[in-house]
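First listed ligand is number 1; within each ligand, the first listed atom is number 1.
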Amino acid sequence: MLRIEENAPLQHLNTFGVAATARYLVTLRHPEALAALSRGLPAADCPPLVMGGGSNVLFTRDFPGVVILNRLAGIRVVAADDRHVRVQAGAGEDWDGFVRYCLERGWYGLENLILIPGTVGAAPVQNIGAYGVELKDVFEELEGWDLPTGRRLRLTAAECRFGYRDSVFKGPLQDRFLITAVTLRLGLQPCPATEYRDLQEELRGVPHGERHPRAVGEAVVRLRRRKLPDPREMGNAGSFFKNPVVSRARFEDLQARCGPLPAYDLGPAGVKLAAAALIERSGWKGKHRGRCGVHDRQPLVLVNLGGACGQEILELAEAVRAAVHQAFGVWLEPEPRIL
Ligand code: FAD
Ligand code: EPU
């Protein structure tokens, strides 16, 4: 039931399009195969890596363990009342396809997260976010499998410890918990979130009464197509760096030294700086280095210009981080998983 491939190529399985191999690769299509997977998992020197769409990973070398490609499918309504519907999706479902499926049925809340590449199962891993909405805003619970013990578990939002591009799956549960299904709580009444500045501008011509979630989804699609490179045309993993959060005192000191900087006030949590602006002002926007570079419209995105290897992209990222640190005293943290 479970075919294990050896020395499997990964180039077509990651959106950076970098060449690498996995010592073993298995494709998981049925939950029943999980037990066979646990019995068939090779020895302890062979660590597991769960992968969905490969849109938030950078391979800098061949992977020495077993890549488990999550293709668990299925979407079903688990509960509904007159205001909400609880929808469960298999972790291997395509995220954007799932968002459109919900929008078409009048289940609202995901419209701002349209067109994010990858799978449903990876969405909780970094608590995906865009245009003023994060996964945690609609999250109900998830199911998964603790690989070392073989236990099936159900986790609540509190147990997932969601933060900005963060969760327990990037911490203690990394590489040991395989998410099999995610349940979201979606609204049956339109209640679109349109506060994000760029989204407000994109919707300026649309009268308030016509700002239906479908119109919001279409606006987000237009914004994303304009701003972000399509990985099918130019390898990338979306934002390569997170927006750094600093204290208000540090922010004021930075502005006094460096002039006005775009930023977002998080209240007592501090101030979120626009890393794109820091990179642009460090002189790296649109710069190339060998076969990779910093995107010319969105400097948070590093791009594979053709044939770059993961190590080259990592070296470019280090050069950008060093330049930003030199100019602003802030270390940018990578967003994708570097392997
Ligand atoms: P993968 O890259 O396959 O995996 C990412 C991580 O999740 C790995 O550590 C992996 O081990 C883990 N993982 C994956 N599936 C599972 C599972 N079932 N169980 C346990 N762990 C798992 N992100 C945003 O938040 N907002 C954006 O606006 C956004 N825009 C993007 C635009 C572009 C053009 C691209 C290329 C990426 C963008 N991203 C964005 C990043 C990316 O789309 C998300 O992080 C997405 O959730 C990754 O999904 P994936 O299936 O490709 O994950
Ligand atoms: N900016 C510049 N120069 C530029 C581009 C942007 O100075 O060339 C400044 C502008 O002031 C702008 C600000 O950066 O207002 C923020 O830009 P944008 O709204 O495009 O958002 P971002 O911070 O670059 C974040 C997420 C994206 C998400 C968008 C929309 C992170 C790390 N990135 O990007 O997520 O789609 O907001 O919400 O938080 C991803 O995680 O992979 C990703 C693409």
Can you check atom 43 (C) of ligand 2: any protein non-hydrogen atom closer than 4.0 Å?
yes
closest protein heavy atom to atom 9 (O) of ligand 1 is R337 NH1, 3.4 Å
Heavy atoms of other groups near R291 CZ, more than 12 under 6.0 Å
yes
Give the atom numbers and elements of ligand 2 that come within less than 4.0 Å of a heavy atom of R224.
36 (O)
Ligand 2 contact on S239 by region, counting heavy-atom pairs under 4.0 Å
both
Is it true that R100 and D94 make a salt bridge, defined as a side-chain N closer than 4.0 Å to a carboxylate O?
no
Proximity of L49 to ligand 1 by residue part, where a heavy atom lies under 4.0 Å
side chain
Shortest heavy-atom approach to atom 26 (N) of ligand 1 - which of P48, A91, G129:
G129
Taking NZ, NE, NH1 and NH2 as the nitrogens, is one of them in K227 or D198 under 4.0 Å from a carboxylate oxygen of the other?
yes
Candidate with minimal heavy-atom separation from atom 42 (C) of ligand 1, of A181, A123, P336, S55
S55
For atom 15 (O) of ligand 2, which protein heavy atom lies nearest, and how many Å away is it?
R197 NH2, 3.4 Å
Give yes or no for whether the N/O distance cutoff of 3.5 Å, strictly under, is met between G118 and ligand 1.
no
Starting from atom 43 (O) of ligand 1, what is the nearest protein heavy atom, named by residue and atom, and what distance separates them?
P117 O, 2.8 Å
Could you see which bit of F177 sits under 4.0 Å from ligand 1, with heavy atoms only: side chain, backbone, both or neither?
backbone
Which residue supplies the protein heavy atom nearest to atom 19 (O) of ligand 2, what is that atom called, and how far is it?
Y196 OH, 2.7 Å
Please indicate whether any nitrogen or oxygen in Q126 is less than 3.5 Å from any nitrogen or oxygen in ligand 2.
no
Going by distance only, is there an N or O of T15 that falls short of 3.5 Å from an N or O of ligand 1?
no
Look at atom CZ of R154 and say whether more than 12 heavy atoms of other residues, nucleotides or ligands are closer to it than 6.0 Å.
no
Distance from atom 31 (C) of ligand 1 to nearest protein heavy atom, with residue and atom:
R224 NH2, 3.4 Å
To the nearest 0.5 Å, how far apart are CD in E335 and CD1 in I338?
10.5 Å
Purely on distance, is any nitrogen or oxygen of L178 under 3.5 Å from one on ligand 1?
no
CD (E140) and NE2 (H84) are apart, to the nearest 0.5 Å, by 9.5 Å
Among all protein heavy atoms, pick the one closest to atom 41 (O) of ligand 2 and tell me residue, atom and distance.
E335 OE1, 2.7 Å
Under a 4.0 angstrom heavy-atom cut-off, which atoms of ligand 2 come close to Y131?
30 (C), 38 (O)
Look at R248 together with D265 and state whether they make a salt bridge at an N to O cut-off of under 4.0 Å.
yes
Hey, does the side chain of S239 reach the backbone of K242 with a donor-acceptor pair shorter than 3.5 angstrom?
no
Once you restrict to heavy atoms under 4.0 Å, what part of I179 touches ligand 1? Side chain, backbone, both or neither.
both
When rounded to the nearest 0.5 angstrom, what distance separates CG in L302 from CG in L58?
9.0 Å
Would you mind running through ligand 2 and noting each atom that sits below 4.0 Å from a heavy atom of D198?
19 (O)
R61 atom CZ, over 12 foreign heavy atoms within 6.0 Å
no
Distance to 0.1 Å, residue and atom name: give those for the protein heavy atom nearest to atom 24 (O) of ligand 2.
Q298 NE2, 2.9 Å
Could you list which atoms of ligand 2 come closer than 4.0 Å to a heavy atom of R297?
8 (O)
Indicate yes or no: does an N/O atom of N70 lie under 3.5 Å from an N/O atom of ligand 1?
yes
Any carboxylate oxygen within less than 4.0 angstrom of a Lys/Arg side-chain nitrogen, looking at E143 and R152?
no
Non-hydrogen atom of R281 closer than 4.0 Å to ligand 2
no
To the nearest 0.5 Å, what is the distance between SG on C309 and CZ on F16?
12.0 Å
Below 3.5 angstrom, do we get any N/O pair linking A237 and ligand 1?
no
Under 4.0 Å from ligand 2, counting heavy atoms only, is it the side chain of E280, its backbone, both or neither?
side chain
Under 4.0 Å from a heavy atom of Y164: which atoms of ligand 2 are those, numbered in the order shown and with their elements?
31 (C), 32 (C), 39 (O)
Ligand 1 contact on K170 by region, counting heavy-atom pairs under 4.0 Å:
neither
Should we count CZ of R257 as having more than 12 external heavy atoms under 6.0 Å?
yes
Please write down residue, atom name and distance for the protein heavy atom closest to atom 8 (O) of ligand 2.
K285 NZ, 2.7 Å
How far is atom 35 (C) of ligand 1 from its nearest protein heavy atom, and which residue and atom name does that atom have?
G238 N, 3.3 Å
Look only at interatomic distance and state if I116 has a nitrogen or oxygen under 3.5 Å from any nitrogen or oxygen of ligand 1.
no
Test of proximity, G54 against ligand 1: N or O pairs below 3.5 Å
yes
When you compare the side chains of T21 and D62, does any donor N or O come within less than 3.5 Å of an acceptor on the partner?
yes
Region of I128 engaging ligand 2 - heavy atom pairs below 4.0 Å:
neither
From the options D146, L153, L147, select the one residue that forms a side-chain contact (heavy atoms from CB on, under 4.5 Å) with T149.
D146
Under 4.0 Å between heavy atoms, the region of R165 that gets near ligand 1 turns out to be side chain
Nearest protein heavy atom with distance in Å, relative to atom 34 (C) of ligand 1
N236 OD1, 3.5 Å
Do the side chains of R214 and E111 get close enough for a salt bridge, i.e. N-O under 4.0 angstrom?
no
Determine, for R83 against D81, whether the closest basic-nitrogen to carboxylate-oxygen distance falls under 4.0 angstrom.
no
Separation between NE2 of H208 and OG1 of T194, rounded to the nearest 0.5 Å
7.0 Å
Please say whether T119 places an N or O atom under 3.5 Å from an N or O atom belonging to ligand 1.
yes
Could you list the atoms of ligand 2 found under 4.0 angstrom from a heavy atom of A277?
2 (C), 7 (O)
Contact region, V125 to ligand 1, non-hydrogen atoms below 4.0 Å, reads side chain
Quick one: which ligand 2 atoms are inside 4.0 Å of a heavy atom on F241?
32 (C)
With a 4.0 Å cut-off, strictly under, does atom 4 (C) of ligand 2 pick up any protein heavy atom?
yes
Please say which of R197, R222, R224, R225 ends up in a salt bridge (Lys or Arg N to Asp or Glu O under 4.0 Å) with E202.
R222
